[in-house]
*Asks:* 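The structure under discussion is supplied below as structure tokens; questions concerning it will follow.
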Amino acid sequence: MTFVTPNASKIVILGDSGVGKTSLALRFTHNEFHDLELSTVGAKCFTKSVHVADKDVHFSIWDTAGQERFQSLAPIYYRNSRAAIIVYDITQKKSFHEAERWVDEMKRHGDEDLVIALIGNKSDLNEYREVKMKVAQEYALKNNLIFLETSAKTGEHVEDLFMKIAEMLPSVH
Ligand code: GDP
Ligand code: MG
């Protein structure tokens, strides 16, 4: 039986179009990857529960329906989020600057105890890299963010990302 538990922790995934937001959610919740861009029709919510550090965390992961293309997401979309996953593509410098913009926005408008993770996705495309890991890492350190490079394609560090977030969220009971 699957249902969104009332005490689920809401997680939003933000970032430029094409960076792999939907792919990360799909890899984590269904262990699937698709090579073609997934058109996210309607805001989609993925759910998964994990057990970490002696607690159960129920995630409801909110993926955007492509509104990110228009640069504005209604605050109602990220209201009451416990965590924000802000994704850029390591092969697209522009997407890193967009991620910085999202970090600022979430620091300004998110809940005070919002957990923010900065994620450099597509780590399997290292040969086309435009964003140095060290630059992103230093930015994350300065801003108190979780930082990881992931690949939704190979699965590298995708589980680690959600486990790190789970560790920082309160238990549901
Ligand atoms: P979104 O617009 O941010 O939701 O991005 P999508 O999840 O739709 O992914 C956009 C494109 O990037 C698709 O063609 C995916 O197959 C591809 N993609 C996503 N993640 C990765 C990754 O980790 N590595 C590689 N090589 N391609 C990826
Ligand atoms: Mg998408």
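Ligands are counted one by one from 1 in listed order, and the atoms in each one are counted from 1 as well. What you see is a predicted model, and the numbers here were worked out from it, not measured in a lab.
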*Asks:* Would you say that I119 contacts I86 through its side chain, given a criterion of any heavy-atom pair below 4.5 Å between the two side chains?
*Replies:* no

*Asks:* For L125, counting its heavy atoms only, list the atoms of ligand 1 lying under 4.0 Å from any of them.
*Replies:* 26 (N)

*Asks:* For ligand 1, which atoms, with element, lie under 4.0 Å from some heavy atom of S151?
*Replies:* 23 (O)

*Asks:* Please report the shortest heavy-atom distance between G18 and D89, naming the atom on each side.
*Replies:* O-OD2, 4.5 Å

*Asks:* Flag F33 as yes when one of its N or O atoms lies below 3.5 Å from any N or O atom of ligand 1, and as no otherwise.
*Replies:* no

*Asks:* Say whether G18, considering both its backbone and side-chain N or O atoms, lies within less than 3.5 Å of an N or O atom on ligand 1.
*Replies:* yes

*Asks:* Could you tell me which non-hydrogen atom of N121 sits nearest to which non-hydrogen atom of S151, and how far apart they are?
*Replies:* OD1-CA, 3.6 Å

*Asks:* Aromatic rings F162 and F28: how do their planes relate, parallel, tilted or perpendicular, breaks at 30° and 60°?
*Replies:* parallel

*Asks:* Can you figure out which of S23, G15, G120 has its heavy atom closest to atom 6 (P) of ligand 1?
*Replies:* S23

*Asks:* Looking at K21, which atoms of ligand 1 are within less than 4.0 Å of one of its heavy atoms?
*Replies:* 1 (P), 2 (O), 3 (O), 4 (O), 5 (O), 7 (O)

*Asks:* Compute both the distance and the angle, then confirm whether K44 meets the cation-pi test with F46: under 6.0 Å from the six-membered ring centre, within 45 degrees of the axis.
*Replies:* yes

*Asks:* Please determine whether the number of non-hydrogen atoms from other residues, nucleotides or ligands lying under 6.0 Å from atom NZ of K48 exceeds 12.
*Replies:* yes

*Asks:* Could you tell me whether a side-chain N or O of K10 sits under 3.5 Å from a main-chain N or O of R79, the two making a donor and an acceptor?
*Replies:* yes

*Asks:* Which residue in the set V131, V19, I90 passes side-chain contact (heavy atoms from CB on, under 4.5 Å) when paired with S95?
*Replies:* V19

*Asks:* Under 3.5 Å, N or O to N or O, is T150 touching ligand 1 that way?
*Replies:* no

*Asks:* Of the side chain and backbone of D16, name the one, both, or neither that has a heavy atom under 4.0 Å from an atom of ligand 1.
*Replies:* backbone

*Asks:* Can you list the ligand 1 atoms lying under 4.0 Å from a non-hydrogen atom of D35?
*Replies:* 13 (C), 14 (O), 15 (C), 16 (O)

*Asks:* Please state whether the separation between the Mg ion (ligand 2) and some N/O/S atom of S23 is under 2.8 Å?
*Replies:* no

*Asks:* Can you list the atoms of ligand 1 that are under 4.0 Å from a heavy atom of D124?
*Replies:* 22 (C), 23 (O), 24 (N), 25 (C), 26 (N)

*Asks:* If hydrogens are left out, which of T22, I13, L24 has an atom nearest to atom 4 (O) of ligand 1, that is, the closest non-hydrogen atom?
*Replies:* T22

*Asks:* Under 3.5 Å, side chain of H58 to main-chain N/O of S49, donor-acceptor pair present?
*Replies:* no

*Asks:* For atom CG of N144, is the number of surrounding heavy atoms from other residues, nucleotides or ligands below 6.0 Å larger than 12?
*Replies:* no

*Asks:* Any idea which part of D63 is under 4.0 Å from ligand 1, heavy-atom wise: side chain, backbone, both or neither?
*Replies:* neither

*Asks:* So for ligand 1, is H34 a polar contact partner (N or O within less than 3.5 Å, distance only)?
*Replies:* yes

*Asks:* Using a heavy-atom cut-off of under 4.0 Å, does the side chain or the backbone of V19 touch ligand 1, or both, or neither?
*Replies:* both

